[in-house]
Number of protein chains: 2
Amino acid sequence: MVTMRDVARVAQVSATTVSHVINKTRKVDPETERAVLEAIEATGYLSDGIGRSLRTGTTQTIGLAMSAISNPYFGTVVHAIERSISRAGYSLLLADTHDDPVRERRAVRDLLSHRVDAMVIAPSGEADSVLDALVQRRIPVVLIDRIPTRERPGVDAIGVVNEEPTARLVDHLAQIGHSRIATITSDPMLETTIERLSGYWNGIERNGLTRDEDLVQVGVRGSEETTDDAVATLLGLPEPPTAIVMGNNQVTIGTMAALQHHHMEAPRDMALVAFDDFPWANIFRPRLTAVSQPVDELGAGAVSMLLDRLADRDLPPRHRRLEPTLKHRESCGCTGLSTGT
Amino acid sequence: MVTMRDVARVAQVSATTVSHVINKTRKVDPETERAVLEAIEATGYLSDGIGRSLRTGTTQTIGLAMSAISNPYFGTVVHAIERSISRAGYSLLLADTHDDPVRERRAVRDLLSHRVDAMVIAPSGEADSVLDALVQRRIPVVLIDRIPTRERPGVDAIGVVNEEPTARLVDHLAQIGHSRIATITSDPMLETTIERLSGYWNGIERNGLTRDEDLVQVGVRGSEETTDDAVATLLGLPEPPTAIVMGNNQVTIGTMAALQHHHMEAPRDMALVAFDDFPWANIFRPRLTAVSQPVDELGAGAVSMLLDRLADRDLPPRHRRLEPTLKHRESCGCTGLSTGT
DNA sequence: TTGTATGCGTTATCAG
DNA sequence: CTGATAACGCATACAA
């Protein structure tokens with residue numbers, strides 16, 4: 001490996017000077033500078049981040065801990081985060097939590113071991129102890145997607161409004177005549193699930209519908225079989241639902257597959273509305289009526305908060321809620337007024 | 001920050017012993033070990049990868065350089081790679097190339113600066129100089145998706161067979177009666193584009209169709225407007241095509257959107273077949289007849305080759321081709337024999 | 001079974 | 001304007 005000392009030798013200067021040339025951190029004679037630059041070119045020298053990190057205490061690296069499986073927008077989110085981050089001169093270290101508290105703990109440990117300067121986390125339902133440990137180490141953290149009720153010093157959060165938009169979904173179904181409206185959601189420990197469920201109930205109540213626990217299927221971890229069972233249960237009810245609110249993208253996939261098994265089609269046999277949109281929703285049928293998250297903004301917002309906190313760790317914690325957009329399309333079965341893009 | 005020396009002080013031993021306890025790298029008195037472990041617990045010590053890396057020369061980090069935009073399977077690939085990699089005790093450092101040679105160079109430099117132990121790259125069409133530099137530094141590299149014609153020492157590659165499967169797509173269209181078969185592809189510099197295009201021509205010729213350059217639309221970078229133009233051009237032909245072979249996922253999205261603008265529907269108004277499948281292809285309509293890549297296997301295979309090479313850098317270069325699967329569904333307009341899953 | 005000393009590549013401090 | 005030196009946290013060769 002070619003080190004700074006090698007460059008220094010070739011350029012006939014001290015390593016100090018080479019360092020200063022590279023980092024533009026003090027005035028150096030143009031002549032000398034040229035010599036150094038040439039030596040760098042000649043040797044093919046590339047500065048070693050490890051050495052620098054050890055010395056400076058910063059790695060210019062941000063850790064991202066989230067579940068690849070659970071988030072169908074995974075790619076988009078990672079991409080949005082990577083873009084903002086690299087623009088700011090940081091690199092992205094990835095760790096998969098699988099939305100499982102144990103693996104989440106491991107993932108964060110790993111990130112910590114690599115000395116990331118800060119982390120973005122999509123916290124599992126039981127992330128408290130992990131977060132507390134992070135707070136104690138005073139490492140900047142931004143929570144994404146799931147916003148905890150409790151605030152922590154040094155921990156920001158960004159996500160969307162979940163409750164009211166879900167209620168609106170129910171409103172809409174009620175307005176077009178549905179009275180048996182079911183909902184299927186995933187992991188009940190997740191903050192998002194809780195909020196969307198609460199929105200569902202609000203919708204049921206404010207539309208004067210009868211509150212029926214049987215219409216609520218809380219899928220465990222949202223695996224496909226579970227969703228299949230959930231749909232079967234709903235269809236087997238004495239008075240089956242005529243509409244379903246799907247709690248997230250994963251559930252939507254499972255639910256639609258299940259309906260297919262039953263040879264049912266939306267919106268003909270079942271009205272369908274979803275929380276979470278699909279990137280290609282407009283090209284394929286049925287065009288899903290869905291609450292769409294501003295994924296790019298979430299990623300960019302997360303990084304922006306992180307950079308703010310990197311600049312001043314004592315900033316009071318901020319929790320940002322972005323407004324999702326209702327994409328009114330066709331799966332709800334109300335054809336007339338489609339506005340979706 | 002709590003360092004090894006802190007632990008050593010608390011445990012009343014030397015730093016050396018602490019190191020040995022942590023790494024299980026020499027015999028140590030059970031009593032002493034207990035004391036060290038306790039001290040680690042008490043202090044909340046976490047070993048510093050930076051210090052270790054500087055000393056050992058390895059970072060236990062793998063770099064992944066690919067374009068998030070161009071690859072709709074991005075999430076799946078990253079996930080597959082991350083899984084295999086973390087199982088082997090490595091972490092994943094991400095860099096976006098945007099499929100642009102300049103940004104690719106930057107991405108690789110970044111990764112190199114962070115001293116990744118090895119890299120996985122989805123090379124742009126002009127990656128030669130970058131790859132040569134990597135070879136010179138003797139850093140293990142696996143190319144994914146696009147397999148160069150030239151072999152390089154120390155550089156493995158993994159991807160799918162492109163030519164024959166594309167020809168088969170044409171075969172199928174020809175067999176069900178199409179004679180005006182068009183193709184739309186993206187960046188003509190990419191190895192995959194070249195191979196698929198060649199497969200297209202093979203198909204045209206071996207089915208005795210007339211070779212018509214007008215039916216080939218090579219999209220630049222596959223942006224949506226470009227695809228729109230391509231479709232318009234095709235439809236404006238004196239003898240427009242009745243079927244289209246879409247060269248990749250991105251093109252598929254663009255083409256389907258464009259067809260929609262023209263109020264055309266597959267397979268009614270245009271037979272459609274694609275290279276690259278969609279994760280949710282079965283749930284939405286039209287169910288696309290498509291060549292599907294074994295994405296998980298590609299990721300796992302890439303990592304496996306990387307680990308092999310990490311164990312022995314002098315392994316001869318290997319180029320692996322996996323077989324993609326034809327998912328015969330409905331967009332091709334030949335209903336009878338659908339076999340797709 | 002344990003400890004001391006050294007150096008990995010860099011940058012900050014201080015001296016010139 | 002430039003250079004010598006020490007230190008970041010760790011693992012190892014060597015000594016005890």
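Naming: A, B, ... by sequence-line order, numbering from 1 per chain.
Comparing B:Tyr45 and B:Arg26, the nucleotide of DNA chain D nearest to each residue sits closer to the 5' end for B:Tyr45. Heavy-atom nearest nucleotides on DNA chain C were determined for B:Arg55 and for B:Thr32, and the one closer to the 5' end corresponds to B:Thr32. If you find the closest nucleotide of DNA chain C to A:Gly51 and to B:Ala15, the one lying nearer the 5' end belongs to B:Ala15.
Phosphate contact (OP1/OP2 of C:dG3, side-chain N/O of B:Thr17, threshold under 4.0 Å): present. Between A:Thr3 and C:dT10, a side-chain N or O to OP1/OP2 separation shorter than 4.0 Å is present.
One interatomic measurement links the two molecules: CZ of B:Arg34 to P of C:dT2, which rounds to 13 Å at whole-angstrom precision. Separating the CZ atom of A:Arg5 from the P atom of C:dT11 is a distance of 13 Å, rounded to the nearest angstrom. One atom, CD1 of A:Ile50, and another, C1' of C:dT11, lie 15 Å apart when rounded to the nearest Å. Atom CZ in B:Arg9 sits roughly 16 Å away from atom C1' in C:dG3 (whole-Å rounding). Summarising the geometry, the separation between CG on A:Leu46 and C1' on C:dT10 is reported as 14 Å, rounded to the nearest angstrom. Look at CD1 on B:Ile22: it is 15 Å from P on C:dT2, rounded to the nearest Å.
In summary, contact between chain A and DNA chain D, defined as any nucleotide atom under 4.0 Å from a heavy atom of the protein, begins and ends at D:dC1 to D:dG9 in the 5' to 3' direction.
Ion pairing between B:Asp110 and B:Arg103 fails under the 4.0 Å rule for side-chain N and carboxylate O. A salt bridge does not link A:Arg105 with A:Asp100: none of the charged nitrogens is closer than 4.0 Å to a carboxylate oxygen. Salt-bridge check for B:Asp29 with B:Arg34: failed, with every basic side-chain N at 4.0 Å or more from each acidic carboxylate O. For the pair A:Asp308 and A:Arg318, the salt-bridge criterion is met [side-chain N within less than 4.0 Å of a carboxylate O]. No salt bridge links A:Asp48 with A:Arg55; every basic N to acidic carboxylate O contact stays at or beyond 4.0 Å. In this structure, A:Asp156 pairs ionically with A:Arg309, as a charged nitrogen and a carboxylate oxygen lie closer than 4.0 Å.
B:His20 comes within 4.0 angstrom of a base, heavy atoms only. Among the heavy atoms of the strands lying under 4.0 Å from B:Met4 are primed sugar atoms or P, OP1, OP2 only; no base atom is included.
In B:Arg321, the CZ atom is crowded: over 12 heavy atoms of neighbouring residues, nucleotides or ligands sit closer than 6.0 Å.
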